[in-house]
Protein chains: 2
Amino acid sequence: MLLSTLVSLRTKEFPADAQLISHKLMLRAGYIKGVSNGIFTMATPAILSARKIENIIREEMNAVGGQEVSFPVVMPKELWEESGRYNSIGDELVRLSDRQGRGLVLGMTHEEAAVQLFRDWVSSYQQLPAMIYQIQTKFRDEARARGGLIRVREFVMKDAYSFHATTSDLKKYYKKVYDAYNRIFTRIGLKNFVAVGSDTGMMGGSVAHEFMLLTPSGEDTIVICNKCGYKANMEVAVSSEEKFDRDTVAPIEKVFTGNLGEIKEICDFMHIDANKTCKAVCYNIKGSNQILVCFIRGDLEVNEAKVKHALKRDIGPVSVSDNSVLVAGNIGPIGLDKKNVVLLFDNSLKGRNGLVAGANEAEYHIKNLDFDRDMPHAKFNDIAKVKEGARCPVCGETLSLSGGIEIGNIFQLGTKYSKAMNCFITDKSGKQINPIMGCYGIGVGRALASVIEESNDEKGMILPMSIAPWQVYLAALRIDDPTVKKAANALYKKLLKAGIEVLFDDTEATAGVKFSSCDLMGIPLRVVISPKTLAKEEIEVQSRDGSLKDNYPIKDAALKLRKIINSKK
Amino acid sequence: MLLSTLVSLRTKEFPADAQLISHKLMLRAGYIKGVSNGIFTMATPAILSARKIENIIREEMNAVGGQEVSFPVVMPKELWEESGRYNSIGDELVRLSDRQGRGLVLGMTHEEAAVQLFRDWVSSYQQLPAMIYQIQTKFRDEARARGGLIRVREFVMKDAYSFHATTSDLKKYYKKVYDAYNRIFTRIGLKNFVAVGSDTGMMGGSVAHEFMLLTPSGEDTIVICNKCGYKANMEVAVSSEEKFDRDTVAPIEKVFTGNLGEIKEICDFMHIDANKTCKAVCYNIKGSNQILVCFIRGDLEVNEAKVKHALKRDIGPVSVSDNSVLVAGNIGPIGLDKKNVVLLFDNSLKGRNGLVAGANEAEYHIKNLDFDRDMPHAKFNDIAKVKEGARCPVCGETLSLSGGIEIGNIFQLGTKYSKAMNCFITDKSGKQINPIMGCYGIGVGRALASVIEESNDEKGMILPMSIAPWQVYLAALRIDDPTVKKAANALYKKLLKAGIEVLFDDTEATAGVKFSSCDLMGIPLRVVISPKTLAKEEIEVQSRDGSLKDNYPIKDAALKLRKIINSKK
């Protein structure tokens, strides 16, 4: 392609709200253009990269027996009512009407459409396992779209749905997709990524993994054990139970604490550590008038995903001060057995004593709380967030935390959708059963942004050969010199003929501008042709990743470049 | 791919409302599945074909310098307000709101998004011509979606937008795309198609062509001169002015016609031909309280597209009986010079006399109407539909009519969008001008359906090698015989290794069922392996189009099939 006519612009400017490096670079290099909040046009460099990512995904999905299909972006609401998601999903599901007033939704995933296709066309276990996948536009009305292509509202996603007659078959297949995902992310050039256990959230099901790019800029938090390899998303990372010595038993005492309510204030006032306190954290239980009070050791934080699991209900924020049952700032476990109040206790409190907690009375706390003695019927759950430095639940080694960007996810869905949508097959024994499902997603644009987020330097992107929009940036210097112009044009045509993907900078810009453009756009190989190189009948070749810088005879250019490209694929 | 696990179903059944053969066959062969009115899931056979069509389109667009991009499906209403289309387009544009209540639209074409990208990034004539295109999902809320993939609400379309500094450059480029379109339709296997002049409709602009597949089932009507090659869509086909002899001049006479109003009733009653009458056809002029009365010779029909052009306003249906100014059934040209009534006269009336027309009085017509004498100030336009057997406006030969399915369209848009959206470039003389645009569309699913509509027989589809989902249908007969099973599996693997696309029917169905499936799905080559062929160490190869039936040694299978496939590409 000729740079002179490429509808594109490279600039040093970017919107002030672009915080991720991938977002800044994609704007500056003319890869994307914002159309609305979380909605982008993919310009030619981005779409050429995206198509390569799509093809890598396609190859790996086909290799595990995937069958490509295409579900509609716009679906009737009735289909989503069948699964129950029309009502259970909030505002991120866009609901609209057609000209007849019939309700429609914009697809954010396609479990319903997949089950609809499957249930009419497949009837026997003999046809399984089967996996259908699509690479299709989705819309999710994110409340906080940000970070360029990392968290958008409209996006292209590969979503796949597998169907099985037995759970063991699902588990076997799940592992195949898990391996395919590792191959995909490696092939597109990601380096520091891991698969972690994750919450199944609104998708339903039991087992799930997220593939995470480990990067400080990621908004997810990943818990990692460097000794045994335990890895989990913060949402599901298991807290290990700690060994501790009980304090000397002492009777409960009431302490005047005035308007002090925060754990830090109480600790300063009473000269104790936060791990000697019992903290209360309150939520509203959605769809009810009940208040949930979670008790947890004062040095820990509540993990809301774990709370939802323990409760099997959804929760939301609540203002305790509006509630007459609870005394804000002084909530404690003793005597809280009230109507419309549900209690949850974190494992971190189990068997502890000598704790400070709220007295359920304005301006007072208690000390010497002893869970064994004072709360003998309390039921404990793991509802705490794992802290940096906590112990690995598997091997006991110190855990570390990392930021992460989710680059893919896989779910063992089970029969949630097939059951709700009355999808049946005949199993081996002739019985009618709901097929057991898995689902598997990768966002194409986010994959591209993630590669850029990980591979860049102060000059711009550093794209791998496998997904770069062009393999070669041909910079003709002093193209106003007819000799250069002629030689550069001839070389361009020769390279194209050899099947090499070339962005030919045929503009009259300076060498500095041309090199900056090449670096910013992250093109793997820069080929320079100039009066100087022509005097020696050579071209100069330099790789963006710094691994190569050499001159070659111009007559061998196509062959040399082809070899370099193949070695980097 | 193995047929046993393909999520697909072949059946003799189809919904009663499937009238087009392509619709019936795609349903019966498991290519598509209806999800809602005009919304389909493309199953694996359809999407494999569609991807091949997309690649052919992509190659031809790239060959004329096209740059692939991807615009969003969902756009902010403000972008569409800039062009004016947010208000000018009716219910086929889907309007919706996001969670913040901000207005959005679902893209039905992408002129606005293209201009938005271009105006920020391109500033000089030196960067032109430039053409950007995408292959992307669109949604158009058709009032009457029907015909399977021929007229849908959601569809994937290649839409392209070119930008030019001069009209002559646009015209030159338009011709290049015109030629590319001919190559695309030929490559995907369409045979009987033509490019015809067409109406620019809501797209704006002056010159436009539609590529039409000529088929009796098409809902468009194409006017064709088999002598000089004149071709046009009925909407714009020019009526030639006919030679005629004037009648003897006679004074106007009023005739009592009672409740007779239809032209046929009047002709029967007065013993005259319809071409001796002057018919009135009424419309509402949209956005006004004016009534339009079109006068045309009684044997002709009004062409509403031409009326809109002549009037430069949009029109809609009107009920004359609700209107006190006009006398329904008795409307005539004389004395109709009334407030809020606009008159249009068709060329077919120019200079005519001896005509019967309405008297503008209940129960009366007039005879001996003479346009030269009685309506000396009437202005005439071509607002008639061309009839079968009319004269060619170019050479005078008899015209014929054909049904047509629109398979693509190209428009010379001019500056309609660039002007409305304040898009400027610097021209050669340094002046700021609005770039001149062209736009070019092809629906991918409709292209596939059109090929099937044209190429089929009583057994099913007949797909060309270039777009068939698989090149070979490998039918293993008596696969319960271990020898067959082993040989068929080995052959399947060998063909895959040779890069041949094979659908392997590994089911235990009968030969009859297997052959029917292959025929129905339209796979170009059927390869049979059976105890009988194995006894001779052969395979049997038969082409779906009937051009080939032969046996080959099984050991040469891959090479032979590769040769046959290459010869048919």
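Letters A, B, ... are given to chains in the order of the sequence lines, protein chains preceding strands, and every chain is numbered from 1.
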*Report the C-alpha separation of A/Ile89 and A/Met108 in whole Å, then their side-chain angles, then the decisive distance to 0.1 Å, and conclude whether the side chain to side chain contact (heavy atoms under 4.5 Å, CB included) test is met.*
CA-CA 11 Å; A/Ile89 298 185; A/Met108 42 198 287; 4.2 Å; yes
With a 4.5 Å cut-off on heavy-atom pairs, point out which of [options] contacts chain A the most.
options                               : result
B/Leu104, B/Leu3, B/Leu117, B/Val122  : B/Leu117
B/Leu96, B/Val94, B/Asp98             : B/Asp98
B/Met1, B/Met75, B/Gln67              : B/Gln67
B/Asp120, B/Leu128, B/Val156, B/Leu79 : B/Asp120
B/Ala113, B/Ala130, B/Gly30, B/Gly65  : B/Gly30

Option that, when pairs with chain B are counted at under 4.5 Å, heavy atom only, ranks first among [options]:
options                               : result
A/Arg102, A/Arg99, A/His110           : A/Arg99
A/Ser8, A/Ser123, A/Gly90             : A/Ser8
A/Glu154, A/Gln100, A/Lys33, A/Gln127 : A/Glu154
A/Thr41, A/Leu2, A/Ile39              : A/Thr41
A/Ser70, A/Ser36, A/Pro129            : A/Ser70

For a quick test of reading the model, state the closest non-hydrogen atom pair linking [X] to [Y] and the distance between them.
X       : Y        : result
B/Ile32 : B/Leu149 : CG2-CD1, 4.0 Å
B/Gly34 : A/Gln116 : O-NE2, 3.8 Å
A/Ser83 : A/Tyr417 : CB-CD2, 3.9 Å

Using 4.0 Å as the upper bound for N to carboxylate O, is an ion pair formed by [Y] and [X]?
X        : Y        : value
B/Asp141 : B/Arg153 : yes
A/Lys485 : A/Asp480 : no
A/Lys158 : A/Glu54  : no

Taking the side chain as C-beta and beyond, is there a heavy-atom pair between [X] and [Y] under 4.5 Å?
X        : Y        : answer
A/Leu93  : A/Leu106 : no
B/Phe118 : B/Met437 : no
B/Arg51  : B/Met42  : no

Chain B contact via [X] - which portion, at a heavy-atom distance below 4.5 Å:
X        : result
A/Glu68  : both
A/Ile132 : side chain
A/Val7   : both
A/Pro45  : neither
A/Thr137 : side chain
A/Phe139 : side chain
A/Asn37  : side chain
A/Val74  : both
A/Arg10  : neither
A/Ala143 : both
A/Ile47  : side chain
A/Glu112 : neither
A/Gln134 : neither
A/Leu6   : both

*Compute both the distance and the angle, then confirm whether B/Arg446 meets the cation-pi test with B/Phe155: under 6.0 Å from the six-membered ring centre, within 45 degrees of the axis.*
no
Pairing donors with acceptors under 3.5 angstrom, does anything connect the side chains of [X] and [Y]?
X        : Y        : answer
B/Tyr133 : B/Asn62  : yes
A/Ser162 : A/Tyr440 : yes
A/Asp159 : A/Thr109 : no

*Less than 6.0 Å separating the ring centroids of A/Tyr173 and A/His164?*
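Yes, the ring of A/Tyr173 comes within the 6.0 Å limit of the ring of A/His164, centre to centre.
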*Please flag which part of B/Gln136 lies under 4.5 Å from any non-hydrogen atom of chain A: side chain, backbone, both or neither.*
side chain
_At a 4.5 Å cut-off on heavy atoms, which part of B/Phe40 comes close to chain A: side chain, backbone, both, or neither?_
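Only the backbone of B/Phe40 comes within 4.5 Å of chain A.
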